[in-house]
Amino acid sequence: MTEFPVHVQGLERRYGRKEVLRGVDLDVPAGSVVGLLGRNGEGKTTLLKCLLGLLRPGGGTARVLGRDPWDLDADTKARIGYVPQEVELYGWFSVEETLGYVGSFYPLWNHTFARDTARAWRLDLDARVKTLSRGQLQKLGILLALGHEPELLVLDEPAASLDPSARREFLATVIDHVAELQQTVLFSTHITSDVERIADRVAVLKDGRIRLDEELDTLKTTMKRVRLIGRVDLPRDLSVDGALRVRVRGNEALVSLQHADDALLRQLESTWNARAELHDLNLEDIFLELHHD
Amino acid sequence: MHHDDRIPHFALSPSSGVPLYRQLMEAVRAEVASGRLAEGELLPSVRTVARELEINPMTVSKAWSHLESEGVVERVRGQGMRVASVATDGDPAERRRALLPAARELAARAYQLGLSPEETLAVLGPVLEEMRRD
């Protein structure tokens, strides 16, 4: 059966009078690594918590591994790994005791993997949890979420507290591991370069909805910026169908849009009596174009 | 044997508008064209490249598969991908076509700088000469 490990339709959630999620649609294909991108405060954590049954949605539907997250049975829970933004553990436990304690809840806990990875990530097995830095705590959190080899891994801003190069190395290790086990990953972040390195899909959450949900390669191949250079000043209200954003300054216009082909370029050139150039956009450019207002 | 020492040649920029798998394909083609990857030589494994470059292994697999379907590399059972024999001395028309994207970029840059076609070729000629001497 080709079922999406995560399937969300019209999901809504409000805090008091503030609508945070206003109809989120999202499908996460099996085996994919999806980066959920959004500015701080856009509701990424809220969405993830709704998927894990930690928050109750106000409307819409969510299915996680085929189940309603609000009503997850123990077997399904054991197939999911989750790392919250702030990992909370018993401070007086050592790292090794924590691994043993959490592992005892899972029949399929991989002790060898947990211990080996703790060493590889330079986590001291004898250290007390309360002495760990935020970065080390997040590493331990992810290790705890990986130890039972879940089918679906949900990471909320993974390793956001590590410095960029440590984060890169660390995310690569996680992805190396999940790729081998063909796990599905949904991770939230506001760091576009993390998504560019490790995700194969990107979903952008903005104003309570998913504004963009695509394969990263497809997005980069199809989303372009057209630079129009007119012989004379271009009209300030110049508009192009389907454009994400249009900026006009003097005789120059920058138009970002998807699926700009040669025919469209020729058409723009003749409509505006201008020369058109096509430029690539990286994920940060695209993200900024979506947030220009 | 895998030539892991070659991996640093695959210099990628994840934050570019060009998809990573396409950058990787380009990097391998360049290695083959320059002879740094010789006919019959094995590409580093997907996992090695992914680890080294700190990227998703699926991206590397995708690049390797596309290179395979283009005939640049061929799959060797149980060993990985090796540089195909046709890749190094393929169809000249095909090789000319592979140069087109870079040529378009050069043309666009020349246009921006207001250089005429003659002036552009005058710059390119000596550069090609330099390359031949190396």
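In what follows, chains carry the letters A, B, and so on, assigned in the order in which the sequence lines appear, proteins first and then strands, with residues in each chain numbered from 1.
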Under 4.5 Å from a heavy atom of chain A, the part of B:S15 involved: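 For B:S15, backbone and side chain are both near chain A.
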Does [X] reach the side chain of [Y], with side-chain heavy atoms less than 4.5 Å apart?
{"X": "A:F170", "Y": "A:I142", "answer": "yes"}
{"X": "A:V33", "Y": "B:N56", "answer": "yes"}
{"X": "A:D200", "Y": "A:E215", "answer": "no"}

Using a heavy-atom cutoff of under 4.5 Å, enumerate the residues of residues 116-128 of chain B that contact chain A, numbered in order, or state 'none'.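 The residues closer than 4.5 Å to chain A amount to none at all.
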Residue part contacting chain B, namely of [X], when any heavy atom lies under 4.5 Å:
{"X": "A:R225", "value": "neither"}
{"X": "A:L216", "value": "neither"}
{"X": "A:Q182", "value": "neither"}
{"X": "A:E169", "value": "both"}

By the definition side-chain contact (heavy atoms from CB on, under 4.5 Å), identify the one residue from A:H7, A:E151, A:E3 that meets it with A:L65.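 Checked A:H7, A:E151, A:E3 against A:L65; only one passes side-chain contact (heavy atoms from CB on, under 4.5 Å): A:E151.
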NZ/NE/NH1/NH2 to OD/OE distance under 4.0 Å, A:E252 and A:R227: yes
A:E157-A:H190 side chain donor-acceptor pair, cut-off 3.5 Å: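 The answer is yes; a qualifying pair exists.
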Is it true that A:E277 and A:H279 share a donor-acceptor pair across their side chains at a distance under 3.5 Å? yes
Among [options], which has the most heavy-atom pairs under 4.5 Å with chain B?
{"options": "A:I229, A:V178, A:I198, A:D176", "answer": "A:D176"}
{"options": "A:T221, A:N282, A:D280", "answer": "A:N282"}
{"options": "A:I286, A:D285, A:L281", "answer": "A:L281"}
{"options": "A:E284, A:R168, A:E196", "answer": "A:E196"}

Taking atom CH2 of A:W272 and atom CD of A:Q267, what is their separation to the nearest 0.5 Å?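 CD of A:Q267 is found 10.5 Å from CH2 of A:W272.
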Does B:V83 offer a backbone N or O that forms a donor-acceptor pair with the side chain of B:E74 under 3.5 Å?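 It does not hold such a pair.
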Which heavy atom in A:L257 sits nearest to a heavy atom in A:A243, and how many Å separate them?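 In this case the closest contact between A:L257 and A:A243 is CB-CA, 3.9 Å.
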